[in-house]
Amino acid sequence: MTTYDADGITLHKVRDYVWEIPQEGDMRTPARVLASEQLLDEISEDKTLQQLKNATHLPGMTKHAICMPDGHQGYGFPVGGVGALDAESGCISPGAVGYDVNCGVRMMTTNLTYEDVKGHEEELVDSLFANVPSGLGGGGIVESDIDTVEAILENGVEWAVEEGYGVEADLLACEDEGRRPDADPSAISQKAKDRGKNQIGSLGSGNHFLEVQRVTDVFREDVADEFDLREDQIVVLIHCGSRGLGHQTCNDYLRKIEKTHSGLLQQLPDKELAAAPAGSKLAEEYYGAMCAAINFAWVNRQLIMHRTRRVFERVFDRTWEQMEMELLYDVAHNIAKKETHTVDGEDRELYVHRKGATRAFPAGHPEVPAAYRDVGQPVIIPGSMGAGSYVLRGGDRSMEETFGSTAHGAGRLMSRTQAKNEFWGGDVQDDLRESQQVYVKAQSGATVAEEAPGVYKDVDEVVRVSDALGIGDKVARTFPVCNIKG
DNA sequence: ATGTAC
C-alpha cells in the first residue's frame with residue numbers, strides 16, 4: 001500500500017487523489033484528504049492535517065472528515081474542510097463554519113465581449129472602485145438602522161428585491177432563493193447588528209474582491225450553454241461575506257458555547273473546535289443566528305451586484321437589461337446546513353459543515369434550481385488575480401464522496417504576514433498591468449501584497465483533482481480584466 | 001476573515 005508520511009501523520013492512499021488518515025485513539029472516524037501528491041506536499045506544510053484529525057473527535061462525525069484539494073490551516077478546523085455531523089446525536093461547531101459566515105461568491109453573466117470592454121478598463125475600474133464600498137470598517141451602499149438590519153436578517157434577498165436592489169429572477173439564482181428560512185434575527189446580538197448596520201453592501205478587505213473577467217476556455221459546451229457562458233464573454237465575480245456582523249456572531253457563540261458546554265470541550269483536542277450538542281438550546285440559537293448571518297451576506301452580495309449593474313450602465317451607456325447582466329449563481333463557502341444524506345443505505349439528517357468548501361449538488365438533485373437541474377448546480381471557484389477562476393458543475397460522485405461538496409478556491413500557500421514580507425503591493429499591481437493587462441485598484445497596498453498571485457496554490461491543479469474525482473466538473477475558465485479590493 | 005489586540 002502506498003503511504004505518505006507528513007511529520008508524524010501517515011496517510012494511506014485509497015486510490016488516485018484519495019488519501020486516508022486511519023481511525024485511531026479517540027478519533028470517531030477516519031479522515032480523508034482529496035489531493036494530488038503536489039497539493040498534499042503543500043497541505044502538509046502547516047497544521048491542516050492535525051486539524052483534520054482533530055475534527056474527527058467531534059461527536060456525530062459521519063463517514064470521515066474531509067479536506068479538499070485547496071485545504072489549509074484555519075481556526076480549529078481546516079479551511080477547505082467538510083464535516084457532516086449528525087443533527088440529532090452529534091453537534092454543531094462555529095469553528096467548523098468559520099468566522100466569516102457565508103463568505104461566498106456570485107457570478108453575473110453579460111452579453112458583452114472582451115472587445116467591448118478593451119480600452120474602457122481604466123474607466124471601469126475607477127468607476128467600480130468609486131461606487132462599490134471596500135476596505136476595513138464602515139460605509140456601505142445602504143446606511144440603515146437596526147429595524148432594517150432585522151428585516152435583512154429575516155428576509156434575505158427578498159428584502160433587497162422589494163427595496164429595488166434587484167429583480168425576482170435574482171432570487172431563483174440563489175441557494176434557498178436567497179432566504180434561509182431558519183434565520184432567527186433575535187439570536188444575533190445587538191453588538192453584531194450595530195456592526196452590520198453601516199456595512200450593508202460593502203466588500204470588506206482581505207481576499208474579498210469584485211472582478212470583471214473574460215471567459216477564456218469552455219470545457220463542457222453543453223453545460224456552458226445551460227449556464228449561458230461562452231468564450232470571450234465578459235462576466236463579473238463578486239467575493240465577500242457577512243462583514244463585522246458575521247464575525248461578531250461567530251465570536252459571540254464561540255464564547256457562549258465554550259462556557260456552557262465545557263464538558264464537551266474537554267473531550268476535544270482543540271479548544272477552537274468548541275461545539276454545542278445537537279438539540280441543546282445553544283445549538284438551536286447558533287443555527288438560527290448563523291442562518292440570519294447567511295441572509296445578511298446574500299444581501300451584501302446582492303447590493304454590490306446591483307450597484308455593479310448601475311456602473312456598467314454609466315460606462316457602456318446601455319441599460320443592464322440590454323447588457324443581459326444576469327445572476328448565474330451565488331455559492332456559499334462558509335456555512336453549516338441541515339441536509340439529508342444517504343449513509344450506508346439509511347437517510348440521515350446531518351449538519352453539513354462546509355468551511356472553505358462549496359456545495360456541489362449533481363444533476364437531478366431536487367435542491368438544484370430548476371434552470372440547472374439537468375446539468376448540476378453551478379460551482380464558482382475563484383483563483384488569484386494572475387491565474388483566473390473556474391466555473392464547475394456539481395459532479396455525479398459528489399453525494400457519495402463528499403456530502404455534495406467540492407473545493408472553494410486556490411487555497412493559500414502562505415500566511416498574510418509571510419506574503420507581506422515576500423511581495424510589495426505596488427510591484428504586484430505594475431506586474432499584473434504590464435504583463436497580463438489586469439487592472440487592479442485597492443484601498444491598501446498591503447492587501448494587494450497579501451493577495452499576490454504567488455501566495456496561492458495552483459488553481460488549475462485544484463480543479464483538475466475535483467474534476468478527476470467527479471465531485472465538481474470543469475465547465476469554463478475565466479481570466480481577470482479588472483479587479484477592485486479592500 | 002475582522003473596528004488587523006482579550
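Remember, it's a predicted structure, so these values are computed and weren't measured experimentally.
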Regarding K420(A), tell me which of base, sugar-phosphate or nothing describes its non-hydrogen contacts under 4.0 Å with the strands shown. nothing

Can you tell me how far C1' of dT4(B) sits from CD of E451(A), to the nearest Å? 14 Å

Spacing of E450(A) atom CD relative to dT4(B) atom C1', expressed in whole Å: 9 Å

Please give, in whole Å, the distance from dT2(B) P to K485(A) NZ? 12 Å

What are the two closest non-hydrogen atoms of M414(A) and F423(A), and how far apart are they? CE-CE1, 4.3 Å

Taking NZ from K271(A) and P from dC6(B), how many angstroms apart are they, rounded to a whole number? 12 Å

side-chain hydrogen bond (donor to acceptor under 3.5 Å, both in side chains) partners of D430(A), counting only residues at least two apart: none

Test side chain to side chain contact (heavy atoms under 4.5 Å, CB included) on H306(A) and I141(A) and set out the steps. CA-CA 10 Å; H306(A) 199 67; I141(A) 287 170; over 6 Å; no

Any side-chain N or O of R416(A) under 4.0 Å from OP1/OP2 of dT4(B)? no

Nearest-angstrom distance from the residue atom CD of Q418(A) to C1' of dT4(B): 18 Å

Could you tell me whether S205(A) contacts a base, only the sugar-phosphate backbone, or nothing, with contacts defined as non-hydrogen atoms closer than 4.0 Å? sugar-phosphate

Using whole Å, what does the distance between atom P of nucleotide dC6(B) and atom CD of E258(A) come to? 14 Å

Round to the nearest Å and state the distance from R255(A) atom CZ to dA5(B) atom P. 15 Å

Looking across every strand, which nucleic acid part, if any, lies under 4.0 Å from G241(A) by heavy atom: base, sugar-phosphate, or nothing? nothing

I need the minimum non-hydrogen distance between R309(A) and D170(A), along with the two atoms involved. NH2-OD1, 3.0 Å

H247(A) atom NE2 is separated from dC6(B) atom P, nearest whole Å, by 10 Å

